[in-house]
Chemist: 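Got a structure for you, written out below as structure tokens; questions coming shortly.
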4 protein chains.
Amino acid sequence: MAEVGGIAADRLRSFVERVERLEEEKAALSADVKDVYAEAKGSGFDVKTIRQIVRLRKMDQTDRDEQEALLDLYKRVLDL
Amino acid sequence: MAEVGGIAADRLRSFVERVERLEEEKAALSADVKDVYAEAKGSGFDVKTIRQIVRLRKMDQTDRDEQEALLDLYKRVLDL
Amino acid sequence: MAEVGGIAADRLRSFVERVERLEEEKAALSADVKDVYAEAKGSGFDVKTIRQIVRLRKMDQTDRDEQEALLDLYKRVLDL
Amino acid sequence: MAEVGGIAADRLRSFVERVERLEEEKAALSADVKDVYAEAKGSGFDVKTIRQIVRLRKMDQTDRDEQEALLDLYKRVLDL
DNA sequence: GTGGGTTTGTGGCACC
DNA sequence: GGTGCCACAAACCCAC
């Protein structure tokens, strides 16, 4: 990166800005999520509970996958 | 939420699914960010340092200076 | 913290060193864990599988607690 | 691990429990660290900065200098 | 202002 | 030996 004002600098700046752009979009989506929760709250629902529901629904998938992997390992260990 | 099988339940389900959809999009963007860093690394840049840069640019100039001043102070106190 | 060479400096140094001491102990325990896994491996067990077991046994407790909390919340929502 | 109900199973259980015990001790030490930081905060110190100090002291002087030099370079490239 | 939760960053580990 | 992955730990944010 000898050319501070040249090509490498442009590339570096490009990478930084691409990341920043993506992070902004993520932040916008996070704001959207927040809005949905606010709307749910305004409709009389308990936000905390909904968060738990979302977490559980996501976790269930993860657990299922892990369980399956573990089961496969056990099967092989036991020559089943 | 007296009507478990009725209107309220539908609304609740709607909120949950909207959140899940948004979270999926966020996950996709996180993957994109990861890709950008991988590309930067492949171009010879140091990923860890770029992360620091992004973090610094997100900070207010004032905060950045304050953090730095505080760190310098503690360093002097400890002869670091 | 006007007295760089005085009381405040001593306190700061004390805090830093207490943390460092605790972190060292943690590192020692991490090394012990590593040793146990090495011994298990030497006994013919699959380390990765044992890690999964430990994770599952820990996660089960967490899930159980969350499930219970969620159930309580549902009960209240439904006036049961 | 042919003898699921026998010797091998006992050994496996032993390994799992030893790891769990060690992880518990680690968790206790983590709690102690947290307490120290809380006490430091109560004495008027900035916790975040102390964490930085601890991190810096853990680093090799050479690595510390390299990180700093790299960050400075990137900063200059980006006119930060 | 404090605590809990979520998310991000970093380090270790396995695989290639 | 390098790279991708995963789990732990730290930082940030919100709610109370």
Chemist: Under a 4.0 Å threshold between the charged nitrogen and the carboxylate oxygen, would Arg18(B) count as salt-bridged to Glu39(A)?
Modeler: yes

Chemist: Under 3.5 Å, is there a donor on one side chain and an acceptor on the other for Gln61(C) and Arg64(C)?
Modeler: yes

Chemist: Of the options dC13(E), dA14(E), dA10(F), whose atoms approach the side-chain atoms of Glu23(C) most closely?
Modeler: dA10(F)

Chemist: Once you round it to whole Å, what is the distance between C1' of dC8(F) and CD of Glu25(D)?
Modeler: 18 Å

Chemist: Does a side-chain N or O from Lys58(B) land closer than 4.0 Å to OP1 or OP2 of dC12(F), or not?
Modeler: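 Checking Lys58(B) against dC12(F): no side-chain N or O falls below 4.0 Å of OP1 or OP2.
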
Chemist: Would you mind reading off the distance between Asp63(D) atom CG and dG11(E) atom C1', rounded to a whole angstrom?
Modeler: 14 Å

Chemist: Do NZ/NE/NH1/NH2 and the carboxylate oxygens of Arg21(C) and Glu24(C) come within less than 4.0 Å?
Modeler: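 No, this pair does not count.
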
Chemist: Can you tell me how far P of dC8(F) sits from CD of Gln52(C), to the nearest Å?
Modeler: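 These atoms are roughly 13 Å apart.
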
Chemist: In this structure, how many angstroms lie between the P atom of dA11(F) and the CG atom of Leu56(B), rounded?
Modeler: 15 Å

Chemist: Check the phosphate of dA11(F) against Arg51(D), side-chain N and O only, distance under 4.0 Å to OP1 or OP2. Yes or no?
Modeler: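 Checking dA11(F) against Arg51(D), a side-chain N or O does come within under 4.0 Å of OP1 or OP2.
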
Chemist: Once you round it to whole Å, what is the distance between C1' of dT10(E) and CD1 of Ile50(B)?
Modeler: 16 Å

Chemist: Under 4.0 Å, heavy atoms only, any strand: does Lys48(D) hit a base, just the sugar-phosphate, or nothing?
Modeler: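 It contacts sugar-phosphate atoms only.
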
Chemist: Answer yes or no: does a side-chain N or O of Lys26(B) lie under 4.0 Å from OP1 or OP2 of dT7(E)?
Modeler: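 Checking Lys26(B) against dT7(E): at least one side-chain N or O falls below 4.0 Å of OP1 or OP2.
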
Chemist: How many whole angstroms separate atom CD of Gln67(D) from atom P of dG9(E)?
Modeler: 15 Å

Chemist: With nearest nucleotides of DNA chain E determined for Tyr37(B) and Lys34(D) from heavy-atom distances, which residue corresponds to the more 5′ nucleotide?
Modeler: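 Result of the comparison: Lys34(D).
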
Chemist: Please check the phosphate of dA11(F) (OP1 and OP2 only) for any side-chain N or O of Arg55(D) closer than 4.0 Å.
Modeler: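 Yes.
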
Chemist: Which heavy atom in Val19(A) sits nearest to a heavy atom in Tyr37(B), and how many Å separate them?
Modeler: CG1-OH, 3.5 Å

Chemist: If you measure from the Lys or Arg side-chain nitrogens to the Asp or Glu carboxylate oxygens, is any gap between Glu23(A) and Lys58(B) under 4.0 Å?
Modeler: no

Chemist: Counting any heavy atom closer than 4.0 Å, what does Lys41(D) reach on the DNA or RNA strands: base, sugar-phosphate only, or nothing?
Modeler: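 Sugar-phosphate only.
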
